[in-house]
Number of protein chains: 2
Amino acid sequence: MTRVTRSRRRDDDQPEVGRRDARKQRTRRALLDAALELIQGEQSFNSISLREVARNAGVVPTAFYRHFRDMDELGLALVDESLRALRQMMREARAATLPTSHLIRRSVRTYLRYVQDNERYFQFLAKERFGGGRTIRLSIRQGIQLFISELSTDLARWPFLTKYSTEELQMFSSMIVNLMVNITELLLDTPYGDEDEVDSLAELAEQQILLIFLGTGQWIPKSERRAREAQNAATPELKP
Amino acid sequence: MTRVTRSRRRDDDQPEVGRRDARKQRTRRALLDAALELIQGEQSFNSISLREVARNAGVVPTAFYRHFRDMDELGLALVDESLRALRQMMREARAATLPTSHLIRRSVRTYLRYVQDNERYFQFLAKERFGGGRTIRLSIRQGIQLFISELSTDLARWPFLTKYSTEELQMFSSMIVNLMVNITELLLDTPYGDEDEVDSLAELAEQQILLIFLGTGQWIPKSERRAREAQNAATPELKP
DNA sequence: AATTTAAGTCAACACCTGTACACAAAGATA
DNA sequence: TATCTTTGTGTACAGGTGTTGACTTAAATT
């Protein structure tokens, strides 16, 4: 019972462009948008129903199944979409090369602006990072881990960080990324258009990142630590 | 139509101890426990139903209303319970006074141990911090802010931090607390009993906290910054 | 001992949910 | 043009949901 009649679908994964597929993509988009909109108003992704999504997309419930097997699959599609958009933005942000302090300032500002412009996606990510099902949670965390790795390789190119192992650089990066995640989540709960609040959040982020860099300046690389261990305390000590 | 018949309830808020109230407290507890248990298995708080909670507590749905107006009220009770327990634990942890590095190590270890022992509460907090309704979200954030303030006043007593303003100390504290929140959320997703993973998480937390303290050692206090501004750059600069 | 109070039960309601199935319409294929 | 394929519709069902009101039962109060 193998399928003999082959449709015009080609073997490569290029998007279809027929009039019918255009229509399909349009309602698929409508479903995704409906879900995002409902998440903003409602509580979380798994407290909205398939019927609600369909209704909000102007489509009958059963039509939903033409696009997604169930709500989980739609959720995964949203994760993918959100992270893909974010990654592209970060790639653009890294294009510019500037002196350190300006680079921090600029990166933070453009990132926060981006979050504001794509609020719906970040609301979704923030809520599902821990609230969602296991698969969704894991794919979000995996996405964040990817950002940490990318930032890590960027840091490796900075002159005053070359002496550190990749493991150490990963730690520095993860602190910065986590810090930004935190700021993001604060930003999402500030009423839209409150530019003063956004400014102070940006300033806070800059200061926190700066503090971390100041810390790295004093951090004793793992490679050097052994030598000092012989005559000194085990862990790098604070200067009182 | 003021109520004339007064029950034996006294005006102070001491807990009642009658046989009937004992019974009431018992099923109230059963409801809270049922909710916590369901949250662990299910997705999030707002995807579990009143009937489920009642059923899981061995009680008929309508009995629920004798204890909580609706699920939101139960949610708030859970927030309160979770944070109250945590605060008490932190108070105990601060009791011991030890040299700096040992104090960090000890605090981190006992905290993580506590999280493991009260996993259900922290699961709930992590999931509802962003996934829940507005009131629950806010009361959780307010609770976290309280920890930041308490840590901040503790830091103020440390000799090498006395030169900083309360605002700056708040920033340091918030970084440490947020860092620990992050570690907590990682801990919650490690399978129970994997002590090696717990150990490496503890070590990671210690290193990150240490890095922040190293940063504070290089941080130029706001009070001194003005004097340097005259002849130097605006923000404290990195030594390359 | 008589009465009041309150925790828990029972049955019922109107509503919403996910999904199955048969069908209509229109684009794609032959 | 005739046939096949696919997207979306309509109907229907079994089950779960929050909330109601009138009830039992036992402890607390008088």
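Quick caveat: nothing in here was measured; it's all calculated off a predicted structure. Just so it is clear: chains get the letters A, B, ... in the order the sequence lines come, proteins before strands, and each one is counted from 1.
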Distance, rounded to the nearest Å, where A:Leu31 contributes CG and D:dG8 contributes P: 8 Å
d(OH, A:Tyr65; P, C:dG18) in whole Å: 7 Å
Whole-Å gap separating P (C:dT17) and CZ (A:Phe64): 13 Å
Side-chain ion pair, B:Arg109 and B:Glu206, N-O less than 4.0 Å: yes
Residue B:Arg87 excluded, over 12 heavy atoms near CZ under 6.0 Å: yes
Nearest-nucleotide 5' precedence on DNA chain D, B:Pro61 against A:Arg66: A:Arg66
Length of the CZ-C1' vector between B:Phe68 and C:dA7, whole Å: 14 Å
Contact under 4.0 Å: A:Thr27 side-chain N or O vs D:dT7 OP1/OP2: no
side-chain N/O B:Arg19 vs D:dA27 OP1/OP2, d < 4.0 Å: yes
Pair A:Arg29 + A:Asp33, salt bridge at N-O below 4.0 Å: yes
Rounded distance in Å - CG (A:Asp21) to C1' (C:dA28): 10 Å
Whole-Å distance separating the CZ atom of B:Arg69 from the P atom of D:dT19: 11 Å
Touch class at under 4.0 angstrom, heavy-atom based, for A:Arg55 against every strand present: sugar-phosphate
B:Lys24 NZ to D:dA28 P, straight-line distance once rounded to whole Å: 13 Å
Value in whole Å for how far the C1' atom of C:dG8 lies from NE2 of B:His67: 8 Å
Flag, side chain of B:Asp21 to backbone of B:Lys24, donor-acceptor distance under 3.5 Å: no
Distance test, side-chain N/O of A:Thr62 to OP1/OP2 of D:dG8, below 4.0 Å: no
Any donor-acceptor pair under 3.5 Å from A:Asp199 side chain to A:Ala202 backbone: no
Donor-acceptor pair under 3.5 Å, B:Arg51 side chain vs D:dG18 base: yes
Given D:dT19, C:dG27, C:dG8, the nucleotide with the shortest approach to the side chain of A:Arg20: C:dG27
